[in-house]
Amino acid sequence: MTRWLTGWRVLPQIVARLRERIEMTTYPMGTMMPSEAELCAEFGVARNTVRRALALLEAEGLILAIPAKGRLVLGGDKSGDEPYLYQAVARDLREQIQRGDLAPGSTVPSEAQLRRSHGVSRSTVRQALAVLEQEGLIVSEHGGGRFVRR
């Protein structure tokens with residue numbers, strides 16, 4: 001009689017294999033992990049088992065779940081803190097404000113300028129600017145533009 005491995009008995013084995021693949025760069029840093037369906041087929045387990053394994057790897061900081069995209073491999077290095085482009089644009093502007101390149105009261109570069117300099121879409125720029133407004137670093141004046149908060 002064959003006993004199938006299910007649930008928690010197979011989970012540590014799957015986690016160990018995936019962790020090894022990340023560390024051995026079978027799944028290089030910055031790439032996307034195989035889909036849940038592909039991992040289910042490979043390991044012959046239910047989707048919940050694969051999800052638990054991926055959740056454990058995410059808790060270890062080896063991968064990052066990005067809604068509607070999949071799971072990004074971070075590797076041992078946690079440089080994947082900015083999986084979205086708007087976060088990088090917001091970080092760049094935040095650093096300019098902190099360094100004093102954008103002084104209090106000065107005009108924030110226009111959406112068009114930010115689009116060209118970062119190579120992103122208008123919605124990405126707007127999302128970055130909204131984050132900075134929520135943080136209280138910039139203010140928006142209707143018809144006047146955006147300014148660094150005094």
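We number each residue from 1, following the sequence as shown. Note that the structure is a prediction, hence the values are computed from the model and not measured.
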Is there side-chain contact between Leu18 and Tyr27, with heavy atoms separated by less than 4.5 Å?
-> yes
Would the number of heavy atoms belonging to other residues, nucleotides or ligands and lying under 6.0 Å from CZ of Arg17 be above 12?
-> no
May I have the list of side-chain donor-acceptor pairs in residues 30-39 shorter than 3.5 Å, sequence neighbours left out?
from  : atom 1 : to    : atom 2 : distance (Å)
Thr31 : OG1    : Pro28 : O      : 2.6
Ser35 : OG     : Glu38 : N      : 3.1
Glu36 : OE1    : Arg47 : NE     : 2.6
Glu36 : OE1    : Arg47 : NH2    : 3.2
Glu36 : OE1    : Arg51 : NE     : 3.0
Glu36 : OE1    : Arg51 : NH2    : 3.4
Glu36 : OE2    : Arg51 : NE     : 3.4
Glu36 : OE2    : Arg71 : NH1    : 3.2
Glu36 : OE2    : Arg71 : NH2    : 3.2
Glu38 : OE1    : Ser35 : N      : 2.9

Could you tell me which non-hydrogen atom of Leu93 sits nearest to which non-hydrogen atom of Pro109, and how far apart they are?
-> CD2-CD, 4.4 Å
Closest non-hydrogen contact found for Val148 with Val108 is N-CG2, 4.0 Å
hydrophobic_cluster_shared for Val139 and Val125, side chain cutoff 4.5 Å | no
Side chains of Ile63 and Leu72 in contact at under 4.5 Å (non-hydrogen atoms) = no
Connected via hydrophobic side-chain network under 4.5 Å: Ile14 and Leu56 | yes
Indicate if Leu137 and Phe147 have the same hydrophobic cluster label, given that clusters are the connected sets of ILVMFWY residues with side-chain heavy-atom separations under 4.5 angstrom.
-> no
Looking at CZ of Arg52 and CG of Leu54, how far apart are the two atoms once the value is rounded to the nearest 0.5 Å?
-> 12.0 Å
Closest contact, heavy atoms only, Arg149 versus Pro104 | O-CB, 3.7 Å
Output every pair passing side-chain hydrogen bond (donor to acceptor under 3.5 Å, both in side chains) with a member in residues 99-109, not counting sequence neighbours, ordered by first then second residue.
-> Arg99-Asp101
Quick one: does Ile138's side chain get under 4.5 Å of Ile97's, heavy atoms only?
-> yes
Residues two or more places apart in sequence or in another chain: which of them pass side chain to side chain contact (heavy atoms under 4.5 Å, CB included) with Ser110?
-> Ala112, Gln113
Leu57 side chain near Glu60 side chain, heavy-atom distance below 4.5 Å | yes
Are any of the side-chain heavy atoms of Gln127 and Gln87 separated by less than 4.5 Å?
-> no
Salt bridge (charged side-chain N to carboxylate O under 4.0 Å, His left out): pairs with one or both residues in residues 114-129, sequence neighbours excluded = Glu111-Arg126
Could you give all pairs that pass the salt bridge (charged side-chain N to carboxylate O under 4.0 Å, His left out) test and reach residues 25-35, with sequence neighbours left out?
-> none
In this structure, CG of Leu74 is separated from CD of Glu58 (nearest 0.5 Å) by 8.5 Å
Minimum-distance pair of heavy atoms, taken over all atoms of Thr124 and Ser121 | OG1-OG, 3.0 Å
Atom pairs and distances, donor-acceptor, side-chain atoms in residues 128-135, under 3.5 Å, two or more places apart:
from   : atom 1 : to     : atom 2 : distance (Å)
Glu133 : OE2    : Arg146 : NE     : 3.4
Glu135 : OE1    : Arg94  : NE     : 2.9
Glu135 : OE1    : Arg94  : NH2    : 3.4
Glu135 : OE2    : Arg94  : NH2    : 2.9

Once you round to the nearest 0.5 Å, how far does CG of Leu62 lie from CD of Glu23?
-> 6.5 Å
